[in-house]
Trainee: 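Below you'll find the structure I mean.
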Amino acid sequence: QVQLVESGGDSVQAGGSLRLSCAAVGYTGRRYCMAWFRQAPGKEREGVATLYTGGGGEYYADSVKGRFTISQVNAKNTLYLQMNSLQPEDTAMYYCAAGIVPIWIGSCATNPPSYNYWGQGTQVTVSS
């Protein structure tokens, strides 16, 4: 059982930066797709960025390309999301997720049902 714990959410002014962290406990040596999703009130959960723990698999939603960077530190079992040039439309609850990858096909899914484990979320609020 993998447990994910996010941190780093905060309230910032537009143009500011935040770094979200996701600490993972319980990895079994499998390979995973790791992802950041976000969900604003009244909206569907949206895949923001993904990567594959075995290397590659990076994806960014068009709305965050050039502003957000996903990364991992394997030694710490930690996933990060560096968010720069934040805008009010980035306001949402941000979730870390891990999906088991039985066979690597070269890309990670961006739909929530493809992910097996979820964190509790961390709130990001951007004011104008």
Side-chain angles (χ1 to χ4, degrees):
Q1 183 77 10
V2 175
Q3 293 181 322
L4 304 172
V5 180
E6 303 100 331
S7 61
D10 206 343
S11 296
V12 297
Q13 296 281 332
S17 297
L18 285 174
R19 188 176 79 158
L20 305 183
S21 299
C22 172
V25 178
Y27 277 150
T28 60
R30 286 173 162 170
R31 298 296 192 184
Y32 296 85
C33 274
M34 302 297 299
W36 288 98
F37 287 82
R38 67 185 181 185
Q39 189 167 20
K43 294 189 176 181
E44 292 187 353
R45 192 165 294 193
E46 170 193 22
V48 173
T50 72
L51 61 73
Y52 175 53
T53 59
E58 287 192 9
Y59 157 87
Y60 295 95
D62 287 343
S63 57
V64 306
K65 275 181 185 175
R67 300 188 298 122
F68 290 12
T69 303
I70 188 171
S71 62
Q72 62 176 342
V73 176
N74 287 334
K76 295 183 178 181
N77 282 344
T78 303
L79 182 75
Y80 298 99
L81 185 69
Q82 178 66 43
M83 305 187 296
N84 298 328
S85 301
L86 283 162
Q87 300 300 317
E89 52 265 35
D90 295 316
T91 295
M93 185 71 79
Y94 283 72
Y95 297 91
C96 173
I100 298 169
V101 179
I103 300 174
W104 175 236
I105 60 171
S107 63
C108 289
T110 57
N111 58 315
S114 294
Y115 289 81
N116 307 94
Y117 306 104
W118 292 83
Q120 81 289 350
T122 187
Q123 178 67 37
V124 172
T125 303
V126 185
S127 57
S128 56

Trainee: Restricting to side-chain contact (heavy atoms from CB on, under 4.5 Å), what partner residues turn up for T53, sequence neighbours left out?
Mentor: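 So T53 forms a side-chain contact (heavy atoms from CB on, under 4.5 Å) with R31, Y32, M34, Q72.
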Trainee: Side-chain contact test, heavy atoms from C-beta onward, threshold under 4.5 Å: evaluate it for L4 versus L79 and give yes or no.
Mentor: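 No. Closest side-chain heavy atoms not under 4.5 Å.
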Trainee: Could you tell me how the ring of W104 sits relative to the ring of Y52: parallel (under 30°), tilted (30 to 60°) or perpendicular (over 60°)?
Mentor: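 Ring orientation, 0 to 90° scale: parallel.
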Trainee: When you compare the side chain of N77 with that of V25, does any pair of heavy atoms fall below 4.5 Å?
Mentor: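 Of all side-chain heavy-atom pairs linking N77 with V25, none is under 4.5 Å.
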Trainee: Give the ring-plane orientation class for F68 versus Y94, where under 30° counts as parallel, over 60° as perpendicular and anything between as tilted.
Mentor: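 Tilted.
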Trainee: Any donor-acceptor pair under 3.5 Å linking the side chain of S128 with the backbone of A14?
Mentor: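 The answer is no, because no donor-acceptor pair under 3.5 Å joins these two groups.
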Trainee: Does the side chain of N116 reach to within under 4.5 Å of the side chain of V2, using non-hydrogen atoms?
Mentor: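 Result no, sub-4.5 Å side-chain heavy-atom pair not found.
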Trainee: Could you pull out all residues at least two apart from A61 that satisfy side-chain contact (heavy atoms from CB on, under 4.5 Å)?
Mentor: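 Per chain and number, A61 pairs via side-chain contact (heavy atoms from CB on, under 4.5 Å) with E46, Y59, S63, V64.
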Trainee: Please list every donor-acceptor pair under 3.5 Å in which a side-chain atom of residues 80-91 meets a protein atom from a residue at least two apart or in another chain.
Mentor:
| from | atom 1 | to | atom 2 | distance (Å) |
| --- | --- | --- | --- | --- |
| Q82 | NE2 | N84 | OD1 | 2.9 |
| N84 | OD1 | S17 | OG | 3.0 |
| Q87 | NE2 | S85 | O | 3.3 |
| D90 | OD1 | R38 | NH1 | 2.9 |
| D90 | OD1 | R67 | NH2 | 3.0 |
| D90 | OD2 | R67 | NH1 | 2.7 |
| D90 | OD2 | R67 | NH2 | 3.4 |
| D90 | OD2 | Q87 | N | 2.8 |
| T91 | OG1 | P88 | O | 2.9 |
| T91 | OG1 | V126 | N | 2.8 |
| T91 | OG1 | V126 | O | 3.4 |

Trainee: What is the distance from atom OG1 of T125 to atom CD of Q13, rounded to the nearest 0.5 Å?
Mentor: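 Going from OG1 on T125 over to CD on Q13, the span is 11.5 Å.
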Trainee: With no hydrogens and no angle check, is any side-chain donor or acceptor of Y60 less than 3.5 Å from a backbone partner on I70?
Mentor: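 Confirmed, Y60 side chain pairs with I70 backbone.
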Trainee: So, E6 side chain and Q120 main chain: donor-acceptor pair closer than 3.5 Å or not?
Mentor: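 The answer is yes, because a donor-acceptor pair under 3.5 Å joins these two groups.
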